[in-house]
Amino acid sequence: MDQFLTRKYRLQFQNHLLLLFALLVITALSSLDLTIFLLTTFLGTLILIGYSMWKFSMRLSEKKLLLDDLVLTDQVKLTEGINKNIQYVQKKIDTGHYQEAYEILRKIGLYIHNNEIKELKLGCLNQFYLRKDMQLEMDSLLPEGFSPLFIRYLTDAIKIQRNLVNKNVLDYIIRYEEEIQEHFSYDVFITTAGAALRKKQYFIDYQDFIMKYIHGLPKERIIRLCRILQTTNTPEMDQARDQLHNLIQIKYAGEKEMAALL
C-alpha cells in the first residue's frame, strides 16, 4: 500500500510540476522584452523550486489524504476484498494452517478492528506455542465483552512477556473478574497481578486488586512487592504492609532472606 501511494503521489507531483513548467515556458516566450524574459524565467524558477520544497515537506500528510480518498472511492471493492480474505482465513483455520491464517488476519486488522477479527486471531494464537522472541499483541486483541479465548491467551502470553500487562489489560480483568472466576482458575489473576508489579504506578493504582491475590504470587514477585512498599512510605500503604508482613511470617517462616525484608 505504501509503495502504491508513493508511486501515485510521485506521478501526481510530476504532473503538477510539468504543468507549472509549461506555464513558465509559455509566459517567458511571450515576453517581448529581454529584461522581462529574464525576470520571468528567474521568478518562475524560484516558484518551481519553492513548490518542490513545499510538496516534499507535505508529502506525509498529503499521502495520508490520498489514502483517505482512495479508501472512500474504493470502499466497496475494499470491503469485498477483505470479506474474501476472511473466508480464505476461515478455510485455513479449518485445515489447521493457523500460522498462515494469523498473518493474514494481522494485515486485515490494520483496516478492521471488530470482535470477529479479534476472535479469529485469538483462536489462532491459542494454537501456538508462545515464545519470548515472538512479537505478541495485546491491546489490539482486547474484546468488547468477556471472551474466554482472550483470557486463555492472556494467561499464557504474560507468563513469558510481563510487559504486555498495562492499564487496559488490568481494567479488563477487573471488569470481568466474576465471569473469569466462573470459567478459569485463580492462576489468571495471580499471573496478572504478578506482572503488574513490574511498575510501581500499577501497584499504586490497582493496589486492592493486586493485594487480593498476593497469596499465590511466587517468591520473586513477593520480593518485588516488598521493594515497592519500601520506597512508597505513605499511610495508604499501611494495610498492604500489614497484609504482606503476615503473609511472609506464615508462608516463609524460617527463611532469613524473606525475614530480612520485613
Side-chain angles (χ1 to χ4, degrees), residues 64 82 86 89 93 98-99 101-218 220-222 224-225 227-229 231-232 234 236-237 239-240:
K64 185 180 182 303
I82 289 173
I86 293 174
V89 162
I93 292 175
Y98 301 108
Q99 182 69 44
Y102 176 68
E103 292 302 326
I104 297 172
L105 286 168
R106 288 193 69 166
K107 295 175 183 177
I108 294 175
L110 296 173
Y111 304 94
I112 298 180
H113 313 283
N114 59 30
N115 263 357
E116 179 188 6
I117 300 301
K118 292 177 181 178
E119 289 289 300
L120 287 172
K121 289 167 79 173
L122 288 166
C124 292
L125 285 166
N126 284 327
Q127 300 295 327
F128 296 164
Y129 176 75
L130 304 180
R131 305 186 310 273
K132 288 185 177 181
D133 61 333
M134 296 175 69
Q135 293 183 344
L136 300 176
E137 299 179 73
M138 188 57 69
D139 278 0
S140 57
L141 295 171
L142 278 169
E144 295 176 3
F146 173 66
S147 169
L149 285 176
F150 176 74
I151 299 301
R152 194 174 300 122
Y153 166 72
L154 170 72
T155 307
D156 293 336
I158 62 178
K159 285 179 180 178
I160 59 174
Q161 293 186 16
R162 286 180 183 150
N163 63 306
L164 292 172
V165 171
N166 55 28
K167 287 182 175 292
N168 292 332
V169 172
L170 290 167
D171 288 340
Y172 182 89
I173 291 294
I174 293 171
R175 187 183 310 124
Y176 296 105
E177 191 170 358
E178 292 184 4
E179 289 87 343
I180 295 171
Q181 289 174 354
E182 292 178 7
H183 297 86
F184 295 89
S185 69
Y186 276 75
D187 185 51
V188 179
F189 306 111
I190 292 169
T191 306
T192 306
L197 289 173
R198 69 186 182 85
K199 282 192 176 183
K200 179 179 176 180
Q201 190 60 47
Y202 287 170
F203 177 72
I204 295 173
D205 295 340
Y206 299 94
Q207 177 186 339
D208 292 341
F209 169 74
I210 293 173
M211 294 306 296
K212 193 187 301 184
Y213 300 103
I214 63 165
H215 63 277
L217 293 178
E220 52 95 10
R221 292 286 90 193
I222 294 294
R224 168 62 182 163
L225 179 54
R227 304 295 186 205
I228 292 175
L229 289 174
T231 58
T232 313
T234 59
E236 292 81 7
M237 299 297 171
Q239 185 177 353

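In what follows, every heavy atom counts, from backbone to side chain, and hydrogens, waters and symmetry copies are set aside.
- Between Phe150 and Pro143, the shortest heavy-atom distance links the atoms CG-CD, 3.7 Å.
- Rounded to the nearest 0.5 Å, atoms OH (Tyr172) and OG1 (Thr192) are 11.5 Å apart.
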Q.
For Asn126 and Leu149: C-alpha separation, side-chain torsions, deciding distance, then whether side chain to side chain contact (heavy atoms under 4.5 Å, CB included) applies.
A. CA-CA 7 Å; Asn126 284 327; Leu149 285 176; 3.5 Å; yes

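- The ring pair (Phe, Tyr, Trp, His ring centres under 6.0 Å) test applied to Phe189 returns Tyr186, Tyr213, not counting sequence neighbours.
- Under a cut-off of 6.0 angstrom, the local environment of CD in Glu144 is sparse, with at most 12 non-hydrogen atoms contributed by other residues, nucleotides or ligands.
- Within the 4.5 Å cutoff, the side chain of Phe146 has no heavy atoms near those of the Arg175 side chain.
- A 4.5 Å side-chain heavy-atom check between Leu154 and Met138 finds at least one atom pair inside the cut-off.
- A heavy-atom distance below 4.5 Å is found between the side chains of Leu170 and Phe209.
- Residues that satisfy the side chain to side chain contact (heavy atoms under 4.5 Å, CB included) test with Ala195, not counting sequence neighbours, are Arg162, Val165.
- With sequence neighbours excluded, the residues satisfying side-chain hydrogen bond (donor to acceptor under 3.5 Å, both in side chains) with Lys159 are Asp187.
- Atom-to-atom distance recorded for Leu142:CG and Asn166:CG is 7.5 Å, nearest 0.5 angstrom.
- Every residue two or more places apart in sequence or in another chain that forms a side chain to side chain contact (heavy atoms under 4.5 Å, CB included) with Asp156 is listed here: Leu130.
- Tyr153 is not listed as a side-chain neighbour of Ser147, based on a closest heavy-atom distance of 4.5 Å or more.
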Q: Could you walk me through whether Met211 and Leu225 pass side chain to side chain contact (heavy atoms under 4.5 Å, CB included), step by step?
A: CA-CA 10 Å; Met211 294 306 296; Leu225 179 54; 4.0 Å; yes

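- The two residues Ala157 and Leu164 make their nearest non-hydrogen contact at CB-CD1, 3.8 Å.
- Within a 6.0 Å sphere centred on CD of Gln201, heavy atoms belonging to other residues, nucleotides or ligands number more than 12.
- The minimum heavy-atom distance between Cys124 and Leu105, with the atom names listed, is SG-CD1, 4.1 Å.
- A search for salt bridge (Lys or Arg N to Asp or Glu O under 4.0 Å) contacts involving Glu179 returns nothing, not counting sequence neighbours.
- By the side-chain hydrogen bond (donor to acceptor under 3.5 Å, both in side chains) test, Asn114 pairs with no residue at all, sequence neighbours left out.
- Heavy-atom neighbours of Gln239 CD from other residues, nucleotides or ligands within 6.0 Å: at or below the threshold of 12.
- Distance CD1/Ile190 to CZ/Arg221: 13.5 Å, rounded to 0.5 Å.
- For the pair Ile86 and Ile117, the minimum side-chain heavy-atom distance is below 4.5 Å.
- One distance of note links CG of Leu229 with CZ of Phe203; it measures 4.5 Å at 0.5 Å rounding.
- Rounding to the nearest 0.5 Å gives a distance of 4.5 Å between CG of Leu217 and CD1 of Ile222.
- At a threshold of 4.5 Å between non-hydrogen side-chain atoms, the residues Ile151 and Tyr176 do not count as touching.
- Residues forming a side-chain hydrogen bond (donor to acceptor under 3.5 Å, both in side chains) with Tyr206 (at least two apart in sequence, or on another chain): Asp171.
- Residue pairs meeting the salt bridge (charged side-chain N to carboxylate O under 4.0 Å, His left out) criterion with at least one member in residues 108-121, sequence neighbours excluded: Lys121-Glu137.
- With rounding to the nearest 0.5 Å, the separation of CG in Leu197 from CZ in Arg227 is 13.5 Å.
- Put simply, the side chain of Ile93 does not reach to within 4.5 Å of the side chain of Gln127, judged on heavy atoms.
- Under the rule for a side-chain hydrogen bond (donor to acceptor under 3.5 Å, both in side chains), the partners of Gln99 that lie at least two apart in sequence or sit in another chain are Glu103.
- Considering only residues two or more places apart in sequence or on other chains, Lys199 meets the salt bridge (Lys or Arg N to Asp or Glu O under 4.0 Å) condition with none of them.
- The backbone N or O of Ile228 lies less than 3.5 Å from a partner atom in the side chain of Thr231, making a donor-acceptor pair.
- Judged as a salt bridge (charged side-chain N to carboxylate O under 4.0 Å, His left out), the pairs with a partner in residues 200-210 (not counting sequence neighbours) are, in order, Lys167-Asp205.
- Inter-residue side-chain proximity for Ile204 and Met237 is flagged as met; some heavy-atom pair is nearer than 4.5 Å.
- Listed by first and then second residue, the salt bridge (charged side-chain N to carboxylate O under 4.0 Å, His left out) pairs that reach into residues 123-133 are Arg131-Asp133, sequence neighbours excluded.
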